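So the structure is just underneath, and the comments pick up after that.
Heavy-atom basis, side chains included; hydrogens, waters and symmetry copies ignored. The structure displayed is predicted, hence computed values, not measured ones.
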Amino acid sequence: MTTQQAQYNVGGMSCSFCAETITKAYDRTDGVEDVDVSLAHEEVLVQYDDDQLGDAELKDTLRDLGYTIRDPNKEKRFEEQQEELDQGKRQLLISGIASLLALGLMGLMVVRNGWNIFAETDQQWMWYGSLALALGTMFWPGLYIKKKAYNSLKRGIFNQHVLLEAGAFAGLTGGFLGWFVFPSFPVVHFFIVSTFITTYHILSEYTSLIVRTRASRAVQDLMDLQPDTARRVTEDGEVEDVEVDELDVGDNVRVKPGENIPIDGEVIDGESAVDESVATGESAPVDKQPGDEVIGGSVNETGTLLIEVTATGEDAFLNQVAQQIEEARAMKPGIIQLADKILKYFVPGVLSIAAAAFLFWVIIPAAFPGTILGSGPQLQTAAYAALAALVLGYPCALGMATPLALIRGGGEAARNGILMRSGDAFQVYRDVDTVVLDKTGTITQGEPAVNTVVGIGEHPEVDVRRTAASAEAFSEHPLADAILDHADELDLGFSDPAEFDSVTGKGVTATVDGDDVLVGKPGWLTDEGVDLSDGENVVEDLQDRGLTTIGVVVNGELVGVVGIGDEIKDDATATIQRIKDAGIDPVMITGDNERTAQTVAGEVGIDRMMAEVLPDDKREEIRRLQDEQNERVAMVGDGINDAPALTQADIGIAIGAGTDIAIESADIILMGDHLGGVMDAYEIAQTSYKKTRQNLIGAFSFNGIGVTAATTGLIHPVFAMIAMVLSVSAVLANSFAGQLLSGGGIKTDFTIEGVETDKTSEPEPPGKSEEVTADEAKDDEKPARETATFDTGLNCGSCEDRVTDTLDERDGVREIHADADEQCVEVTFNPHRITTDELRETIADLGYEVGSVERCPASSDSATHSATDP
């Protein structure tokens, strides 16, 4: 026996009852060993014995149940999902028109009968008309429901599709009985009920599809996929673009600065700093040189690298992550929606009550003749009671209660910059008792920044800052970026070095204002003969705080020490306190060392932490909390290495500024990088769940009372239609009336499109010293930021994108404002790292004529782009 695994992206699932249907169908299939269905990600993972069945049989099972299997290609998958939405809209339009016509027909009949809604008509054209509408709705837009119901029933599965068809065919049966057998049966009313409940079911599934499609579309907009192609260098030195899947072990690949490394490999030429945080969780860049290994998915920061491919296929890091995600999905604790918990018992309950009502009116009057129940079997009453119970039993409002609450909650979340991908996100999140937060990029900013500057002896901190910035002005290393950005924040002027040289992985040497300057790691400075004894305690203190220490030496003397670390997000401490106030236990998990982890945890107020956790072990730590400690866990992360843990957690929360793999693995996505959305989503989940519960109680009350009353044999089909209208109206009112009365909802700081924030005053830059004033800046030094404006020949939106993307790659560019309407480009840049002439040449190289103007005229269609350069 050989166990194989198959994974399918499935279309047509509208609720967790669908997931349960698929699970039961596979459980009853010989050869299937295990099955996991993810409603949030619309995926099915099946482990099976390939000696007993194959991929074709597994797919046929899904198709027999009425579901579709989407293309594994992401782009095609989203296209197919949009087609499903369009098809659902057409089905709803057709059935909606039929229901309106049926309503008009019933209204005409009521008028003809002197406004008696219970009276039947003897106009047979109305019988034919109502029958045509019923058959047309049931067997045209509603045909797919019958296929699902038939194949579910064939496997002994009782779900909402079976109940819908029981009610619809009960309406048809009642109409035919009134036409041919029992004259007292209301023919038109029974037929119209069949039309109505089919339409309501299509509406219910369409609302669910809208929620899911909108979430998927937002995820698609967020994803900035890692490169699909790579630059392969051939044996004769030629460079060719190939698909990453075409790379073989031993191939050479060239990666330029700012690009993602597409595959695992070993550096054979070039030196660069590489950001591996998405894979390792470490924020500090790692210096790479020939002989060092690199990980696929990490970012090449500075120099160009020539890499020899060492792993492809299943051995590659990204594919191992994908495998871990699949395994995590299979092991993730399941959840059944509250509505489906009710339906699980409600469906067989309604069918049983209808059968019991029929048997009661057949058996009891015969067993006890002469009572008020009559003498002998009451076949007409029995049929009427059973049919009415089935008609009234279809839970229109029950089916819409959850989707409408999701639409309401999802809209409120979107206005807060939060994307809730599924009903699980609403139901499960409110029940979590532990929130595990990754450190790098989640609690912290995820990039190096100057934390502390200490002057040694009598040397002022401001001089240390200026000297370090001047020495690093021509460096491309990420730690140099942190020093220069710090100088920018303080508006601190500094001069260019007269001479400059960098020592890879160690530091830089420069001549600044005639002085010999070294800026680098303490170990390297010691090797260069510098006495660090005066700053030894400072270095140890900063390292104890988890900071990277950089010494600044002038003419052989240590004048200062710069501490660089990963800055904590502005709202991290407040968010952790909100988590505690809600009675939830915050836990930090990180691959960083114990010392750094303790420092960060202490600053934000976290008591429990897991340090030095390898990327592969994060998922196991989440499972341990779930299994051994029986905790319901939410996981917050942003990197590739977080993706398996996000999937394993009961609720995965991804930072929208993170990687696409993390985003796709999550149940909730926070647009942007603000951590406060973690608790905003929690509060919205609580409110939405409350609305869902209220909706279900109201809907169940209508159906429960209706089915019970129907067993008396006295309930007219009109009551079924009235109950459906009232219950759905109540659900709609409960879901949205509050928002409408309040004018459309809550004022928020974020929107999904653009992730905009309120423009409030910026906090004072961290580490800013009172002694740093404008008076201290030398008049002859260049400012840290300048703006240049160019008159160009831009004339289209794609031209804007072309110029913006090209300038974005230039070192030192901070912000780009391109306006095709005004044929103008405005660039904010660091003059120590790029000149106005170089910017002009960059634009001219693209084929545009470049002139200079004072400023760009305002244009409503123009847009400002923040460059990726820090």
Side-chain angles (χ1 to χ4, degrees), residues 16 34 36 38 40 45 281 321 324-338 341 422 424-440 442-443 572-573 575-594 596-639 641-655 662 665-668 670 675 678-679 681-683 685-686 689:
S16 51
D34 192 24
D36 177 74
S38 171
L45 186 67
V321 171
Q324 291 170 10
I325 291 172
E326 290 181 358
E327 293 174 357
R329 264 184 201 144
M331 300 173 184
K332 181 171 183 173
I335 178 69
I336 300 178
Q337 290 291 334
L338 178 60
K341 288 181 180 178
S422 70
D424 289 3
F426 290 93
Q427 180 170 329
V428 181
Y429 193 19
R430 60 177 291 278
D431 292 328
V432 300
D433 44 42
T434 303
V435 174
V436 177
L437 302 103
D438 177 53
K439 180 182 76 68
T440 305
T442 302
I443 295 176
T573 303
T575 299
I576 298 303
Q577 188 58 51
R578 289 175 66 189
I579 292 174
K580 291 181 175 180
D581 291 343
I584 302 172
D585 187 17
V587 179
M588 189 181 79
I589 189 168
T590 178
D592 259 345
N593 58 69
E594 187 88 13
T596 301
Q598 285 180 345
T599 300
V600 174
E603 287 190 41
V604 298
I606 292 179
D607 301 320
R608 290 174 65 189
M609 67 167 191
M610 306 173 190
E612 299 180 14
V613 179
L614 296 175
D616 295 347
D617 295 336
K618 286 187 176 182
R619 174 171 64 96
E620 293 304 319
E621 290 294 336
I622 298 297
R623 278 194 65 198
R624 184 179 62 79
L625 291 175
Q626 291 170 328
D627 298 340
E628 296 179 13
Q629 301 187 27
N630 198 30
E631 297 179 25
R632 178 152 279 184
V633 181
M635 167 72 188
V636 190
D638 73 321
N641 63 315
D642 297 325
L646 289 170
T647 306
Q648 178 64 50
D650 297 271
I651 288 293
I653 305 173
I655 305 294
S665 303
D667 303 289
I668 299 173
L670 308 182
L675 195 58
V678 171
M679 287 310 293
Y682 175 78
E683 291 162 2
Q686 285 189 312
Y689 184 79

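- Closest approach of Met588 to Ala597, counting heavy atoms only: CE-O, 3.3 Å.
- Here the closest heavy-atom approach between residue Ile653 and residue Ala634 is recorded as CD1-CB, 4.4 Å.
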May I have the step-by-step check of side-chain contact (heavy atoms from CB on, under 4.5 Å) for Val600 and Asp592, ending in yes or no? CA-CA 10 Å; Val600 174; Asp592 259 345; over 6 Å; no
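- In this structure, CG in Leu45 is found 8.0 Å from CG in Asp34, a value given to the nearest 0.5 Å.
- Contact between Glu603 and Thr573 at its shortest, heavy atoms only, is O-OG1, 3.6 Å.
- Nearest heavy atoms, Gly605 versus Ile576: O-CG2, 3.9 Å.
- Put simply, CD1 on Ile655 and CG on Leu670 are 4.5 Å apart, with the number rounded to the nearest 0.5 Å.
- Considering only residues two or more places apart in sequence or on other chains, Gln598 meets the side-chain contact (heavy atoms from CB on, under 4.5 Å) condition with Glu594, Met609.
- No side-chain heavy atom of Thr590 sits under 4.5 Å from any side-chain heavy atom of Ile443.
- Distance CE/Met679 to NZ/Lys580: 13.0 Å, rounded to 0.5 Å.
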Evaluation steps, side-chain contact (heavy atoms from CB on, under 4.5 Å), between Val435 and Tyr682: CA-CA 11 Å; Val435 174; Tyr682 175 78; over 6 Å; no
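- Note that the CG atom of Leu437 and the CG atom of Leu675 stand 6.0 Å from one another [nearest 0.5 Å].
- In this view, Asp433 and Glu631, Arg632 satisfy the side-chain contact (heavy atoms from CB on, under 4.5 Å) rule, not counting sequence neighbours.
- Judged as a side-chain contact (heavy atoms from CB on, under 4.5 Å), and not counting sequence neighbours, the contacts of Ala681 are Ile418, Met420, Tyr429, Ile668.
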Step by step, would you call Met635 with Ile589 a side-chain contact (heavy atoms from CB on, under 4.5 Å)? CA-CA 10 Å; Met635 167 72 188; Ile589 189 168; 4.2 Å; yes
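- When all heavy atoms of Asp638 and Thr440 are compared, the closest pair comes out as OD1-O, 3.2 Å.
- Ion pairing between a basic and an acidic side chain is recognised when a charged N comes within 4.0 Å of a carboxylate O; Lys618 and Glu621 show no such pairing.
- Annotation: side chain of Glu620 is not in contact with side chain of Val613 (no heavy-atom distance under 4.5 Å).
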Ile606 and Lys439: CA distance, side-chain angles, deciding distance, side-chain contact (heavy atoms from CB on, under 4.5 Å) verdict: CA-CA 11 Å; Ile606 292 179; Lys439 180 182 76 68; over 6 Å; no
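- A donor-acceptor contact shorter than 3.5 Å links the side chain of Asp667 to the backbone of Gly652.
- Annotation for Leu646 and Gly637: closest pair CD2-N, 3.8 Å, computed over non-hydrogen atoms.
- Few gaps surround CG on Asp581; more than 12 heavy atoms of other groups in view lie less than 6.0 Å from it.
- Here CD of Gln626 is found 10.0 Å from CG of Asn630. Values are rounded to the nearest 0.5 Å.
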